[in-house]
Amino acid sequence: MAAAARRAAGLLPLLLSSPSGARTQFRRAISLISPPRSYRLLSHPARPFSTSPFSASASASNGAAAERTRELHLYNTKSRKKEHFRPRAPDGEVGMYVCGVTPYDDSHIGHARAYVAFDVLYRYLRYLDYEVHYVRNFTDIDDKIIARANQLGEDPFSLSKRFSDDFLSDMANLQCLPPSVEPRVSDHIDHIINMIKQILDNNCAYVVGGDVYFSVDNFPEYGELSGRKLDDNRAGERVAVDERKRNPADFALWKAAKDGEPWWESPWGPGRPGWHIECSAMSAHYLGHSFDIHGGGEDLIFPHHENEIAQSRAACCDSSINYWIHNGFVNVNSQKMSKSLGNFVTIRKVIEMYHPLALRMFLLGTHYRSPINYTIEQLNVASDRLYYTYQTLRDCEESCQQQHKNSGDSLPASTLNYIQKLHDEFETSMSDDLHTSVALAAISEPLKVMNDLLHTRKGKKQEKRLESLATLEEKIRVVLSVLGLLPSSYHEALQQLREKALRRASITEEHVLQKIEERTAARKAKQYEKSDEIRKELAAVGIALMDGPDGTTWRPSVPLSEEEAVVVKT
């Protein structure tokens with residue numbers, strides 16, 4: 001099931017319409033697609049903005065390097081500033097490694113925040129026509145996995161495989177594209193052992209009773225990523241201080257076997273890898289000792305990424321990574337998320353009540369490097385915004401299907417201006433260190449214009465109305481695709497959003513329809529106070545009633561009490 005979910009996520013590659021964009025690896029990915037899961041993803045490639053934004057056709061590519069209209073700038077944690085992104089390879093191929101999960105429990109919204117952020121980077125690099133080799137690992141053997149497996153009486157590898165599959169299912173539901181490679185530590189023990197040998201040979205590690213420790217004193221550059229001085233460093237996040245260490249900051253490259261724990265043979269006796277060495281070994285194996293981007297959560301800057309730099313360069317003096325990129329923390333109701341505080345929120349818990357893309361919309365509403373505060377109120381706002389977006393696009397789709405539209409003629413100047421503005425704001429914001437919140441805001445005006453064309457008397461009389469609607473929908477679709485928010489069907493997504501709203505309200509659609517009938521009868525009887533009470537009763541639980549020429553319908557909304565609170569705060 002999880003493998004199918006992962007392949008389903010592959011339905012969303014942003015395939016460019018030009019020959020240069022239709023990369024061989026993307027075609028291979030599509031050939032592996034299995035039938036869709038519960039949340040079906042994009043089944044048709046989104047077309048990019050044409051090089052000339054004033055053209056009604058989207059067939060021209062804007063992806064080729066020579067045609068890029070914006071230079072990408074990314075914030076580099078190491079230099080502490082935004083830098084112009086220049087890949088190492090002259091042909092534009094990009095190597096990107098992102099630290100994956102340690103699968104010992106259900107994935108939480110902090111994981112969602114990290115992997116959605118790097119999924120957007122992956123998508124935008126491909127939108128710019130870079131060939132990206134994206135590696136994201138699984139740490140499938142670790143102290144936490146062993147402890148949890150012992151607690152549950154389960155084999156550690158069985159437990160990590162189970163939670164790895166669940167993680168992949170979560171990522172598919174969030175419409176995160178599958179990486180090029182997803183290596184597991186247990187499959188790369190030989191590579192890890194060979195790297196440790198190199199570090200020992202270069203006099204940057206020592207052996208103590210079957211354990212191998214990295215010697216930070218023998219690596220003068222230690223601390224250059226985090227900015228920490230050696231005296232400030234703590235021994236590590238996952239291990240107790242070992243009195244046999246030469247320096248308390250020294251960290252384990254290899255751990256001697258203990259009773260009841262998995263182990264492998266090594267030159268230093270049976271044991272297993274330390275936490276940090278795995279990423280150095282696997283990134284070097286798949287991307288080489290030097291590559292473009294290494295990413296992860298802000299909590300990994302020290303000690304994990306600091307230690308990665310040290311051991312990678314100790315093994316190979318030419319090792320270097322151009323851009324270190326980190327996402328910010330997630331707080332829950334303005335408190336740090338932790339199990340001890342009882343505010344630990346899993347992805348699965350959220351999507352029981354909310355559409356997965358509502359969670360993704362919420363996460364993209366804050367710049368990836370800034371801390372984000374998770375609240376139900378803000379999740380409701382994101383869900384409401386998502387519904388409005390899909391409803392507008394669905395109305396546009398239906399209108400264009402039902403009525404004949406001419407083709408070949410130029411669009412009105414006003415439409416072309418909106419397209420140009422959307423194009424500029426989207427690429428400017430995304431190329432400025434992935435400002436997704438600004439990119440999302442850029443579609444607000446085009447959506448309003450579309451609603452005017454669809455529903456107002458003046459809009460319905462506008463010249464080339466259907467052509468304008470179709471073109472605006474096409475351009476918004478591109479933005480949504482790059483942001484990972486484009487569903488396979490607007491209709492299906494709207495239905496799923498409605499079902500989640502009913503679940504949150506703890507009512508059925510039959511109950512809502514019954515209330516609509518009661519309200520209609522009250523209005524006919526001029527019982528307006530009762531009519532208002534019914535409307536407010538439903539609005540309080542997030543069900544908005546919409547009166548129109550054909551009667552009353554309903555849609556999900558921000559619960560009335562929350563909506564009033566947001567207004568007050570604003």
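Atoms CG and SG, from Leu469 and Cys396 in turn, are 4.5 Å apart once rounded to the nearest 0.5 Å. Separation of atoms CD1 (Ile376) and OH (Tyr354) is listed at 4.5 Å; rounding is to 0.5 Å. Once rounded to the nearest 0.5 Å, the distance linking CZ of Arg126 with OH of Tyr122 reads 4.0 Å. For the atom pair CZ of Arg369 and OG1 of Thr77, the computed distance is 8.0 Å after rounding to the nearest 0.5 Å. Separation of atoms CD1 (Ile325) and CG (Leu74) is listed at 4.5 Å; rounding is to 0.5 Å.
Residues His491 and Gln495 bring no donor and acceptor atom of their side chains to less than 3.5 Å of each other. In this structure, a donor-acceptor pair under 3.5 Å is present between the side chains of Tyr490 and Glu473.
For the side-chain contact (heavy atoms from CB on, under 4.5 Å) test, residues two or more places apart in sequence or in another chain that qualify with Arg503 are Met353, Lys500. Thr375 pairs by the side-chain contact (heavy atoms from CB on, under 4.5 Å) definition with Asn333, Asn373, Glu377, Gln378, not counting sequence neighbours. Partners of Gln335 by side chain to side chain donor-acceptor pair (under 3.5 Å), not counting sequence neighbours: none found. Considering only residues two or more places apart in sequence or on other chains, Thr553 meets the side-chain contact (heavy atoms from CB on, under 4.5 Å) condition with Met546. Tyr124 pairs by the side chain to side chain donor-acceptor pair (under 3.5 Å) definition with Ser431, not counting sequence neighbours. Judged as a side chain to side chain donor-acceptor pair (under 3.5 Å), and not counting sequence neighbours, the contacts of Lys82 are Asp432. Residues that satisfy the ring-ring contact (aromatic ring centres under 6.0 Å, His included) test with Trp554, not counting sequence neighbours, are absent from this structure. In this structure, Tyr387 has no ring-ring contact (aromatic ring centres under 6.0 Å, His included) partners at least two apart in sequence or on a different chain. Remark: Tyr374 engages Phe362 in a ring-ring contact (aromatic ring centres under 6.0 Å, His included) (not counting sequence neighbours). For His188, the ring-ring contact (aromatic ring centres under 6.0 Å, His included) test picks out His191, His285, Tyr286, with sequence neighbours left out.
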*Any chance you could lay out the side-chain contact (heavy atoms from CB on, under 4.5 Å) test for Leu357 and Gln496, step after step, and finish with the verdict?*
CA-CA 11 Å; Leu357 295 187; Gln496 291 163 355; over 6 Å; no

_Walk me through whether Tyr368 and Asp433 qualify under side chain to side chain donor-acceptor pair (under 3.5 Å)._
CA-CA 9 Å; Tyr368 77 92; Asp433 197 31; 2.6 Å; yes

_Worked verdict on Ser164 versus Arg184 for side chain to side chain donor-acceptor pair (under 3.5 Å)_ = CA-CA 10 Å; Ser164 294; Arg184 299 171 188 266; 3.2 Å; yes

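Listed by first then second residue, pairs satisfying salt bridge (charged side-chain N to carboxylate O under 4.0 Å, His left out) with a partner in residues 98-114 read Asp105-Arg148, Asp105-Lys339, not counting sequence neighbours. Evaluation of the salt bridge (charged side-chain N to carboxylate O under 4.0 Å, His left out) test over residues 436-445, restricted to residues two or more places apart or in two chains, returns Lys421-Glu445.
When each of Asp142, Asp143, Asp140 is checked for a salt bridge (Lys or Arg N to Asp or Glu O under 4.0 Å) with Arg272, only Asp143 meets the rule.
Of all the heavy atoms in Ile443 and Leu422, the pair that sits closest is CG2-CD1, 4.0 Å. Between Phe291 and Gly95, the shortest heavy-atom distance links the atoms CD1-O, 3.9 Å.
The cationic group of Arg123 does not satisfy the cation-pi geometry with Tyr127, failing either the under 6.0 Å distance to the six-membered ring centre or the 45° limit from the ring axis.
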